[in-house]
Novice: 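Pasting a structure below so you can have a look.
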Amino acid sequence: GHPHPVWRMTSRVPALPRAVVVHVDLDAFYCQVEVGRDPSLQGQPIAVVQYNPFGDLRTILPSEPRIFNDSNGSLIAVSYEARAFGVKRNMRGDEARRQCPELQLVQVPTANGKADLTIYREAGAQVIDILARGGVCERASIDEAYLDVTEEALRRARRDHGRPVLPLNPEQCRVYGPDGVAGCEAWFSTPDWAWSDADELLAHGAAVVAELRHVVQTELGYSCSAGIAHNKLLAKLCSGLHKPQQQTILPESAVQRLLDPLMIAKLRSLGGKLGQQVAQVLGIETVGQLRAVPETRLRTLFGPETGPWLHRMARGQSSDRVQQRTLPKSLGCGKTFRAQNAIRTLQDVQYWLQQIARELAERIGSDRERNQRVPQTMGVGLSSHGDHVSRSCAMPGLSVESIASAGLALVRRWVAERAEWTVTDLYLSACNFRSIAACPSIATFFQSAAGEGGQGTQGLAPPDPRPDSP
DNA sequence: ATTTTGACGCT
DNA sequence: AGCGTCAA
């Protein structure tokens, strides 16, 4: 665990040095993955569609031609070239083609009668492996991660007793400065005496991020955007300020100016019902207006946890730590059966559970080899008449058959409780992982424990080779 | 015909 | 354990 400095327990608590927290977001990631697999798509307006023109039944391998320009499926990723034509995520193929006749539509691979996102997951894992070289790394989704690069930033601040140096690719680096957003050159030419400790740390962190993004670009060919700030809330907010292929620094002095005009729903976790409720109950729209509401009133209206939490959010404060976790906590796969295709018989449930279990078993198997872990719990989920239901059980084994039959048993349990049912979503998942890493010798254990001075001090050197396949 | 994932909080 | 919310 984390060594707790004794002074944390005393009454005199020095201010912790501000952290440098980064949110990295790949640009139109699925599109970039497809361009990497078919370089002839480079520079063209493209989109990735998730609808199989053959009714999702025929397998479409990653390696076979997957451009179906007559597809009317839903767009799940749109390249920046296509966005320039007004093509948007969630558009249908026909509407997108009206906006951009040259649009190239790439179909997601399919297997077992369903979409198979494996190529994107594996590409995302490659990116995470590079980002984790820079510090504490938390996988936030298939194409996003949080980093805590405080340690490396501190090391550089000590090393260059001098001052932050202009990052790599300064034209891809912005700063939210006193006059709004600007390029980073002026900010980095701040005179030595004028840097605050906090800004200096952000500047060194920004150099780390610029280097990491450069490595991702040269080793994998993917561009990404990033936000650099003092916590996850703000880093996430400013990673999206300038896309694609740009990183944005948010100094503390600019936090209020960024937040005040912002719509409440733009803050992470306030994009849904709670955010709506907050805006409606208070009769406000912006974060600045929220900041003006007394904490006592927020506490009265939204409770002893949520009230103070909103009060802090409105000030750009968040204590949510960056977790050290590069792997997902659960593996799941499922399929939607819309109106006409809804499942009405146990026979069909059994068939589709087998299909889905094939993919899940495959993914559990490769995860076990790569990450030396196995799930201890599985679950089945389904939707019926708009209601979502889930049941779970101990992992019965890792084979397709054991997963499928355990899933069927869980569904039978649910079916037995009702006279009529219709399944419109079917989902299998595995979670609660246990490590199966070979137990290291005592000598090896002490050796590696001694090397762990702290998190995020590895610099940008490649990590030790993975304990890969045997 | 907005799918297919994932994380997390509440109870 | 199961449900609901939020997000990309």
Side-chain angles (χ1 to χ4, degrees), chain A residues 23-31 48-53 55-56 71-78 88-96 107-121 124-125 128 138-146 225 232 236-237 239-240 243 265-277 303 305-306 309 320 323 325 327-342 356 359-360 363 376-384 386-394 410 413-414 417 424-433:
Chain A
H23 181 253
V24 178
D25 194 351
L26 277 293
D27 303 321
F29 186 46
Y30 289 13
C31 292
V48 174
V49 295
Q50 183 164 269
Y51 165 77
N52 189 329
D56 269 4
S71 169
N72 195 24
S74 291
L75 277 50
I76 60 172
V78 180
K88 289 179 168 27
R89 191 168 187 273
N90 290 332
M91 260 183 189
R92 306 293 305 273
D94 52 7
E95 187 186 359
Q107 163 66 43
V108 169
T110 62
N112 303 307
K114 61 181 291 301
D116 183 342
L117 307 181
T118 301
I119 58 173
Y120 313 113
R121 272 192 208 96
I128 292 280
E138 176 182 340
R139 179 194 196 270
S141 77
I142 196 168
D143 67 344
E144 282 176 88
Y146 289 96
S225 303
K232 287 169 79 170
K236 164 81 176 166
L237 205 51
S239 71
K243 301 188 80 178
K266 296 289 186 189
L267 295 181
R268 182 182 53 156
S269 71
L270 290 183
K273 298 182 180 181
L274 176 60
Q276 281 283 316
Q277 193 195 349
E305 296 297 328
T306 306
W309 175 74
D320 188 11
Q323 308 289 313
R325 184 180 56 75
L327 302 177
K329 290 181 169 180
S330 66
L331 306 179
C333 48
K335 181 174 169 60
T336 295
F337 305 89
R338 287 161 321 225
Q340 174 195 1
N341 295 339
I356 296 167
E359 182 185 323
L360 185 58
R363 284 170 57 192
Q376 301 180 101
T377 306
M378 64 159 279
V380 57
L382 58 80
S383 294
S384 181
D387 281 347
H388 305 283
V389 182
S390 70
R391 296 286 183 270
S392 61
C393 64
L410 294 172
R413 222 168 78 190
W414 172 81
E417 300 166 5
T424 51
D425 285 284
L426 199 52
Y427 187 78
L428 284 174
S429 65
C431 61
N432 194 10
F433 286 92

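Lettering follows sequence order; numbering is per chain, from 1.
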Novice: With a 4.0 Å limit, can you tell me whether R391(A) has a side-chain N or O closer than that to the phosphate oxygens OP1/OP2 of dC3(C)?
Specialist: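 The answer is yes; a side-chain N or O of R391(A) sits under 4.0 Å from OP1 or OP2.
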
Novice: For the pair made of CG in D387(A) and C1' in dC3(C), what is the distance, rounded to whole Å?
Specialist: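 Taking CG of D387(A) and C1' of dC3(C), I get 11 Å after rounding.
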
Novice: Output the rounded distance in Å from CD (Q50(A)) to C1' (dT5(B)).
Specialist: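 After rounding, the reported distance stands at 9 Å.
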
Novice: Under 4.0 angstrom, heavy atoms only, what part of the nucleic acid is D25(A) near: base, sugar-phosphate, or nothing?
Specialist: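 It contacts nothing in the nucleic acid.
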
Novice: Which part of the nucleic acid, if any, lies within contact of E138(A), taking any heavy atom under 4.0 Å across all strands shown: a base, the sugar-phosphate backbone alone, or nothing?
Specialist: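 Here E138(A) touches no strand at all.
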
Novice: Given that K329(A) and L117(A) both sit by DNA chain B, which one's nearest nucleotide is further toward the 5' end?
Specialist: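 So the residue in question is L117(A).
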
Novice: Any side-chain N or O of R413(A) less than 4.0 Å from the OP1 or OP2 oxygen of dG2(C)?
Specialist: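 Yes, because at least one side-chain N or O of R413(A) sits under 4.0 Å from OP1 or OP2 of dG2(C).
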
Novice: Tell me whether the OP1 or OP2 atom of dG6(B) has a side-chain N or O from R363(A) closer than 4.0 Å.
Specialist: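 Yes, such a contact exists.
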
Novice: L382(A) CG to dG2(C) C1': how many Å, rounded?
Specialist: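 Spelled out: CG on L382(A) to C1' on dG2(C) is 12 Å.
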
Novice: Taking atom types as modelled, is there a side-chain donor on N90(A) or S74(A) under 3.5 Å from an acceptor on the other?
Specialist: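 There is no such pair between these side chains.
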
Novice: Show the distances under 3.5 angstrom between N or O atoms of the protein and N or O atoms of nucleotides 9-11 of chain B.
Specialist:
none

Novice: Return the 5'-most residue of the pair H388(A), T377(A) with respect to DNA chain C, ranking by each residue's nearest nucleotide.
Specialist: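 Its nearest nucleotide being more 5', the pick is T377(A).
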
Novice: Can you find a side chain N or O atom of S392(A) that sits less than 4.0 Å from OP1 or OP2 on dG2(C)?
Specialist: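 The answer is yes; a side-chain N or O of S392(A) sits under 4.0 Å from OP1 or OP2.
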
Novice: For I128(A) and dA7(B), give me the distance from atom CD1 to atom P, rounded to whole Å.
Specialist: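 Value for this atom pair: 12 Å.
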
Novice: Which part of the nucleic acid, if any, lies within contact of K236(A), taking any heavy atom under 4.0 Å across all strands shown: a base, the sugar-phosphate backbone alone, or nothing?
Specialist: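 Result for K236(A) = sugar-phosphate.
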
Novice: Which part of the nucleic acid, if any, lies within contact of T336(A), taking any heavy atom under 4.0 Å across all strands shown: a base, the sugar-phosphate backbone alone, or nothing?
Specialist: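 Sugar-phosphate: the residue T336(A), judged by heavy atoms under 4.0 Å, touches backbone atoms but no base.
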
Novice: Nearest of dT3(B), dC3(C), dA8(C) to any side-chain atom of V389(A)?
Specialist: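 Per side-chain heavy atoms of V389(A), the pick is dC3(C).
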
Novice: State plainly whether the residues D320(A) and K236(A) are in salt-bridge range, i.e. N to O under 4.0 Å.
Specialist: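 Looking at D320(A) and K236(A), the cut-off is not met.
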
Novice: Can you identify which nucleotide, out of dA8(C), dT4(B), dG6(B), has its nearest atom closest to the K335(A) side chain?
Specialist: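 That would be dT4(B).
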
Novice: Roughly how far, to the nearest 0.5 Å, is the CD1 atom of I142(A) from the CZ atom of R121(A)?
Specialist: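 So the CZ of R121(A) and the CD1 of I142(A) are separated by 5.5 Å.
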
Novice: Could you tell me whether the phosphate oxygens of dA8(C), OP1 or OP2, come under 4.0 Å of any side-chain nitrogen or oxygen in R121(A)?
Specialist: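 False: R121(A) side-chain N/O out of range (4.0 Å or more) of dA8(C) OP1/OP2.
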
Novice: Does dA1(C) have OP1 or OP2 sitting under 4.0 Å from an N or O in the side chain of S390(A)?
Specialist: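 Checking dA1(C) against S390(A), no side-chain N or O comes under 4.0 Å of OP1 or OP2.
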
Novice: Would one find a side-chain N or O of S330(A) under 4.0 angstrom from OP1 or OP2 of dA7(B)?
Specialist: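 Indeed, a polar side-chain atom of S330(A) lies that close.
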
Novice: To the nearest angstrom, how far is L267(A) atom CG from dT5(C) atom P?
Specialist: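 To the nearest whole Å, that distance equals 20 Å.
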
Novice: Rounding to a whole Å, what distance do you find between N90(A):CG and dA8(C):P?
Specialist: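 Atom CG in N90(A) sits about 12 Å away from atom P in dA8(C).
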
Novice: Rounded to whole Å, how long is the line connecting atom CG of L360(A) with atom P of dT4(B)?
Specialist: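 Result: 15 Å.
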
Novice: Does Q323(A) reach the main-chain N or O of E138(A) with its side chain, forming a donor-acceptor pair under 3.5 Å?
Specialist: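 Absent.
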
Novice: Could you check if a side-chain atom of V380(A) sits within less than 4.5 angstrom of a side-chain atom of L428(A), using non-hydrogen atoms only?
Specialist: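 When only atoms from C-beta onward are counted, L428(A) and V380(A) do touch, with a gap below 4.5 Å.
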
Novice: Nearest heavy atom decides the nucleotide; on that basis, is A339(A) or K114(A) closer to the 5' end of DNA chain B?
Specialist: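 Looking at the nearest nucleotide for each, A339(A) comes out on the 5' side.
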
Novice: The side chain of P328(A) is closest to which nucleotide in this list: dG6(B), dT5(B), dA8(C)?
Specialist: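 Given the options dG6(B), dT5(B), dA8(C), the side chain of P328(A) is closest to dG6(B).
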
Novice: When you measure from the side-chain N and O atoms of K266(A) to the phosphate of dC6(C), is any distance below 4.0 Å, counting only OP1 and OP2?
Specialist: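 Answer no for this pair, as no side-chain N or O of K266(A) is under 4.0 Å from OP1 or OP2.
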
Novice: Under 4.0 angstrom, heavy atoms only, what part of the nucleic acid is V108(A) near: base, sugar-phosphate, or nothing?
Specialist: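 No contact at all - V108(A) keeps every heavy atom at 4.0 Å or more from the nucleic acid.
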
Novice: Give, for atom CD1 of I356(A) and atom CG of N112(A), the distance between the pair rounded to the nearest 0.5 Å.
Specialist: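 Going from the CD1 atom of I356(A) to the CG atom of N112(A) covers 9.5 Å.
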
Novice: Of all residues at least two apart in sequence or in a different chain, which pass the ring pair (Phe, Tyr, Trp, His ring centres under 6.0 Å) check with Y427(A)?
Specialist: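 So Y427(A) forms no ring pair (Phe, Tyr, Trp, His ring centres under 6.0 Å) with any residue.
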
Novice: Might you point out which heavy atoms bring G124(A) and F29(A) nearest each other, and give the distance in Å?
Specialist: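 Of all heavy-atom pairs spanning G124(A) and F29(A), the closest is N-CZ, 3.5 Å.
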
Novice: Is L270(A) touching bases, backbone alone, or none of the nucleic acid, heavy atoms closer than 4.0 Å?
Specialist: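 The answer is sugar-phosphate, as L270(A) gets under 4.0 Å only of primed atoms, P, OP1 or OP2.
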
Novice: Distance check, rounded to the nearest 0.5 Å: Q50(A) atom CD versus D116(A) atom CG?
Specialist: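 Between atom CD of Q50(A) and atom CG of D116(A) there are 10.5 Å.
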
Novice: Nearest whole Å is fine: how far is dC6(C) P from R268(A) CZ?
Specialist: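 That distance rounds to 14 Å.
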
